[in-house]
Amino acid sequence: MCDLLILPTKMDVSPWVLVEAASNGLPVISTRIGAIEEIVIDQKTGWLCDVGDWGAIGAALEQLLSDAPLRDAMAHAAVTHMREHFNPDRTYNGLLDRLRMLAGK
């Protein structure tokens, strides 16, 4: 059981753990690199901070820990975002379409 996930990564530009956390209703605090901005919607499903900005990461953590209604709202928004953009049917079919296109079929 946890209330949120913090992943202040410097290199992992598309960490699946963020999708798993959001799908399970956890707000996320992570860094603004790579495709993370597609997974975490800043100040809606969690917080995005610049790499190495420990002050911003700490402030986001403090805000989420002290504000249960905000945590709940972000958790709900995270689940909704995952259902709309990261559901298996959409992801699988999109991948197949891209592979067909690359194969020229």
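On a predicted model such as this, the values are computed, not experimentally measured, just so you know. Numbering starts at 1 and runs along the sequence shown.
Put simply, Leu96 and Met101 are part of two different groups of oily side chains (I, L, V, M, F, W, Y) that touch within less than 4.5 Å, one to the next. A continuous path of ILVMFWY side-chain contacts below 4.5 Å connects Val40 to Phe86, so both sit in one hydrophobic cluster. Hydrophobic clustering, with ILVMFWY side chains joined whenever heavy atoms are under 4.5 angstrom apart, keeps Val13 apart from Ile41. When hydrophobic clusters are built by joining Ile, Leu, Val, Met, Phe, Trp and Tyr residues whose side-chain heavy atoms come closer than 4.5 Å, directly or via intermediates, Ile33 is grouped together with Leu18. Cluster annotation: Met11 and Ile36 are assigned to distinct hydrophobic clusters (Ile/Leu/Val/Met/Phe/Trp/Tyr, side-chain heavy-atom contacts under 4.5 Å, transitive).
Through side-chain heavy atoms spaced under 4.5 Å, either directly or across other Ile, Leu, Val, Met, Phe, Trp or Tyr residues, Leu65 is tied to Leu4, Ile6, Ile29, Trp47, Trp54, Ile57, Leu61, Leu64, Leu70, Met74.
Closest approach of Ser14 to Ile39, counting heavy atoms only: OG-CD1, 4.4 Å. Residue Ala21 comes nearest to Val28 through the heavy atom pair CB-CG2, 4.1 Å, listed as atom of the first residue, atom of the second, then distance.
Listed by first and then second residue, the side chain to side chain donor-acceptor pair (under 3.5 Å) pairs that reach into residues 30-41 are Arg32-Asp42, Arg32-Asp50, sequence neighbours excluded.
No side-chain heavy atom of Pro27 sits less than 4.5 Å from a side-chain heavy atom of Thr45. With a 4.5 Å cut-off on side-chain heavy atoms, Asp97 and Arg100 count as touching.
Remark: His76 NE2 is loosely packed, at most 12 non-hydrogen atoms of other residues, nucleotides or ligands lying under 6.0 Å away.
Asn87 places a side-chain N or O within donor-acceptor distance of the main-chain N or O of Arg83, the cut-off being under 3.5 Å. Counting only distance, with no hydrogens or angles, the side chain of Asn24 and the backbone of Glu20 share a donor-acceptor pair below 3.5 Å.
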Pair Asp3-Leu26, side chain to side chain contact (heavy atoms under 4.5 Å, CB included): steps then yes or no: CA-CA 6 Å; Asp3 294 318; Leu26 294 179; 5.7 Å; no

